[in-house]
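If you're wondering where the values come from, they're calculated on a predicted model, not measured in any experiment.
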Amino acid sequence: MEATIAPVKATSSVSKLLDRLGLSDDLSVHIPSAGKIAAASGALVAAYALYEQAKFNSFKKTNDGKGLSGPKYVVPFIGGIVEMVKNPYKFWEKQRLYSFPGYSWHSLAGQFSVFVTDAALCRHIFNHNSEDSLLLALHPVAKTVLGERNIAFLHGDEHKQIRRSFAALFSRKALGVYVRKQDQIIQEHLQQWLSKEGPREIRNFVRDLNQETSQMVFAGPYLDDPKEKAEFGVAYRNMTDAFLGFPLCIPGTGVWKGRQGRFFIIKVLTKAARRSKARMAAGQEPECLLDFWSTQVLKEVEEAKANGTPLPFYYEDTKMADTVMDFLFASQDASTASLVWTLTMMAERPDILNRVRAEQLKLREDPTAPIVNEILNEAVFTRQVVKEVLRYRPPAPMVPQHVMQPFKVDDNYTAPKGTLLIPSLWGASLQGYENAAEFDPDRFGPERKEDVKYAGNFLVFGHGPHYCVGKEYAQTHLACFLSRISTAIDWTRVRSEISDNTIYLPTLYPADSVLDIKPRAVVVAATA
């Protein structure tokens with residue numbers, strides 16, 4: 001039975017107005033029934049659903065008339081978001097196979113999206129970064145967690161200016177300082193790992209190792225308050241975890257905790273930047289990335305004052321803190337994932353691990369001695385393994401972009417304004433290479449030279465204006481880690497039915513990485 005509404009009489013003044021209009025003063029007759037409201041709402045929903053489908057049909061049109069590959073139909077409003085959240089690997093692999101290499105479409109929570117797997121088109125997309133072409137999207141909560149002024153969202157002259165100042169951060173001298181710290185921290189954590197017996201899921205252990213490495217390399221001398229350092233680590237982890245939860249920023253949610261974590265980290269790093277600039281101005285030697293950057297910034301400030309030109313916009317302590325936070329964040333999940341893959345792949349391929357060990361023992365007469373950057377530069381096969389780990393499972397599988405104005409993807413398709421354009425780094429890594437789905441470090445050796453033949457497909461560190469400035473740092477860190485573990489520990493993998501699966505967290509990880517780790521007997525080469 002349909003609900004009825006009791007008579008509601010109008011006030012005298014309203015009643016007179018209704019009388020002039022020839023309407024009843026019983027207001028209830030002007031209020032639609034619940035059934036009518038439901039019917040009208042249903043009609044509006046249906047109309048919008050039809051509009052959405054019509055819009056998507058228009059957006060996926062191509063010049064050859066065939067239209068974009070992809071699903072024939074998507075669920076109104078939500079599209080493929082539920083499937084993507086439930087099983088990201090399955091969703092994106094299915095999307096890749098719609099058109100490989102090429103591009104395909106889907107809807108994510110009503111957002112028209114184009115997934116691009118062709119390496120040349122990915123490079124074309126990465127080459128554009130402006131308000132009249134494409135801007136980095138990264139993640140729905142990225143600006144909330146990282147901040148509106150994060151370097152990932154800069155473009156144009158400001159972006160170019162700040163990137164120029166980073167050159168000194170990854171010089172040979174700087175990398176040498178970083179390697180010494182990395183090796184020391186890796187050894188300390190290996191001892192902690194060895195203090196526990198039996199198999200364990202290694203992912204969180206690696207995450208702790210990488211977190212401490214990043215903090216000490218980037219701002220080490222200034223994280224000298226134990227309590228503040230502990231809180232810093234928690235805040236740092238909250239920022240990372242914010243990208244895994246529901247995209248809602250209200251007190252208590254993961255996104256809110258991540259945002260609060262950023263506020264605390266910026267507060268700590270602002271003090272660190274002030275102290276670093278004071279130390280460098282006093283002529284002391286750089287001990288971390290922040291010191292190398294402070295030296296460069298002080299030099300630029302001095303030149304600007306001498307020339308009467310504006311000071312660099314990033315010279316303020318808070319702005320330096322914001323950028324160092326970005327380095328910390330960028331190095332966390334990506335490097336952790338690659339370190340985990342290094343451990344699991346070497347457990348799966350002891351033949352390759354033995355070749356790494358042989359190279360290391362040849363280069364390092366005393367495998368217990370500190371590792372230095374010069375040794376890593378000579379470790380050719382070790383670096384081939386590192387590069388193959390990155391190609392085989394790029395830690396960041398894709399880099400979403402907002403289409404700010406209609407964007408020509410190629411001669412056959414132009415993405416409409418508002419599209420989410422998603423170049424696939426993993427898709428590019430599966431192109432061209434011989435047996436691309438196989439783990440094979442020899443592809444980068446002097447005989448096959450696939451690193452030269454398919455250089456344009458190795459997009460692990462991006463391309464164009466936002467090409468990763470920390471490329472050498474990341475590869476050196478992995479090489480240092482592999483060099484040390486190859487001679488310090490033995491490990492085996494405890495396999496399960498999901499061991500061959502890949503998961504998104506949101507970077508790529510093996511579905512499990514349960515390892516049994518034991519100390520390795522060390523033989524020091526005799527010296528004359």
Side-chain angles (χ1 to χ4, degrees), residues 146-147 149-152 154 158-159 161-185 210-226 228-233 235-236 239-240 261-304 311-332 334-335 373 468-474 476-477 480:
L146 299 178
R149 293 291 297 170
N150 187 272
I151 187 174
L154 291 181
E158 282 192 345
H159 184 241
Q161 184 183 0
I162 195 170
R163 281 178 67 94
R164 281 195 296 270
S165 75
F166 294 157
L169 278 57
F170 304 104
S171 65
R172 286 193 175 186
K173 179 181 178 181
L175 289 173
V177 172
Y178 305 158
V179 166
R180 288 194 292 274
K181 287 182 177 289
Q182 289 166 350
D183 184 42
Q184 180 184 348
I185 293 167
N210 188 44
Q211 178 171 294
E212 185 174 0
T213 302
S214 300
Q215 291 176 15
M216 292 299 99
V217 168
F218 296 161
Y222 310 108
L223 299 177
D224 48 4
D225 180 329
E228 193 172 67
K229 183 180 176 183
E231 291 180 26
F232 191 96
Y236 192 65
M239 284 186 66
T240 303
R262 169 167 62 89
F263 294 153
F264 180 79
I265 287 172
I266 292 296
K267 177 183 175 182
V268 173
L269 290 179
T270 297
K271 292 190 297 182
R274 183 165 56 250
R275 291 172 63 190
S276 175
K277 283 192 282 191
R279 284 187 69 247
M280 294 305 99
Q284 297 189 41
E285 282 294 310
E287 294 183 26
C288 63
L289 179 144
L290 180 55
D291 284 347
F292 281 102
W293 197 28
S294 291
T295 301
Q296 177 65 24
V297 169
L298 289 172
K299 178 182 175 183
E300 292 179 17
V301 167
E302 197 173 299
E303 291 174 350
L311 300 180
F313 74 91
Y314 44 82
Y315 84 96
E316 296 175 1
D317 297 337
T318 52
K319 289 189 169 67
M320 290 184 70
D322 196 48
T323 300
V324 174
M325 180 207 70
D326 185 65
F327 281 129
L328 281 164
F329 184 80
S331 70
Q332 182 54 43
S335 290
N373 197 38
C468 179
V469 294
K471 170 188 172 182
E472 289 304 321
Y473 170 83
T476 300
H477 184 200
C480 181

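Around NZ of Lys267, the count of heavy atoms belonging to other residues, nucleotides or ligands within 6.0 Å does not exceed 12. More than 12 heavy-atom neighbours from other residues, nucleotides or ligands sit within 6.0 angstrom of CD on Gln161.
Side chains of Phe166 and Ile151 form a contact here, defined as non-hydrogen atoms less than 4.5 Å apart. Inter-residue side-chain proximity for Glu287 and Arg279 is flagged as met; some heavy-atom pair is nearer than 4.5 Å. Under the 4.5 Å side-chain criterion, counting only non-hydrogen atoms from C-beta, Lys173 is in contact with Phe292. Counting only heavy atoms from C-beta outward, the side chains of Met325 and Asn150 approach each other to under 4.5 Å. Between Val301 and Pro312 there is a side-chain heavy-atom pair separated by less than 4.5 Å.
Remark: the Glu472 side chain and the Tyr178 side chain contain no N/O donor-acceptor pair separated by less than 3.5 Å.
Summarising the geometry, atom SG belonging to Cys480 is positioned 10.0 Å from atom CD1 belonging to Ile185; distances are rounded to the nearest 0.5 Å. We find the OG1-CG distance between Thr476 and Leu175 to be 5.0 Å, quoted to the nearest 0.5 Å. Met280 CE to Leu290 CG: the interatomic distance, rounded to the nearest 0.5 Å, is 8.5 Å. The structure places CD of Glu231 at 12.0 Å from CG of Leu223, a figure rounded to the nearest 0.5 Å. Here the CG atom belonging to Asp317 is positioned 11.5 Å from the CD1 atom belonging to Ile266, to the nearest 0.5 angstrom. Atom CD of Gln296 and atom CZ of Arg164 lie 11.0 Å apart (nearest 0.5 Å).
Taking both residues in full, the closest heavy atoms of Tyr236 and Gln215 are given as CD2-NE2, 3.8 Å, listed atom of the first, atom of the second, then distance. Minimum interatomic distance between Ser165 and Glu300 (heavy atoms only, all atoms of both residues): CB-OE2, 3.2 Å. Between Ser276 and Ser294 the shortest heavy-atom distance is OG-OG, 2.8 Å. Taking every heavy atom of both residues into account, Asp322 and Leu146 meet most closely at OD1-O, 4.1 Å. Between Tyr222 and Ala272, the closest heavy-atom pair is CB-CB, 3.6 Å. When all heavy atoms are compared, the tightest approach of Leu289 to Phe327 is CD2-CD1, 4.0 Å.
With hydrogens and angles ignored, the 3.5 Å screen pairs a side-chain donor or acceptor of Ser331 with a backbone N or O of Leu328. Looking at Ser214, its side chain never comes within 3.5 Å of a backbone N or O of Gln211 through a donor-acceptor pair. Using a distance-only test at 3.5 Å, with no hydrogens or angles considered, a donor-acceptor pair links the side chain of Thr323 to the main chain of Lys319. Checked by atom type and distance alone, the side chain of Lys277 pairs as donor or acceptor with a backbone atom of Tyr315 at under 3.5 Å.
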Does Lys229 form a side chain to side chain contact (heavy atoms under 4.5 Å, CB included) with Glu212? I'd like the steps, not just the answer. CA-CA 10 Å; Lys229 183 180 176 183; Glu212 185 174 0; 4.1 Å; yes
Working for side chain to side chain contact (heavy atoms under 4.5 Å, CB included), residues Asp291 and Gln284: CA-CA 9 Å; Asp291 284 347; Gln284 297 189 41; over 6 Å; no
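Salt bridge present: Lys271 and Glu228 bring a charged side-chain N and a carboxylate O closer than 4.0 Å.
Taking the six-membered ring wherever Trp is involved, the centroid distance between the rings of Phe218 and Tyr473 falls below 6.0 Å.
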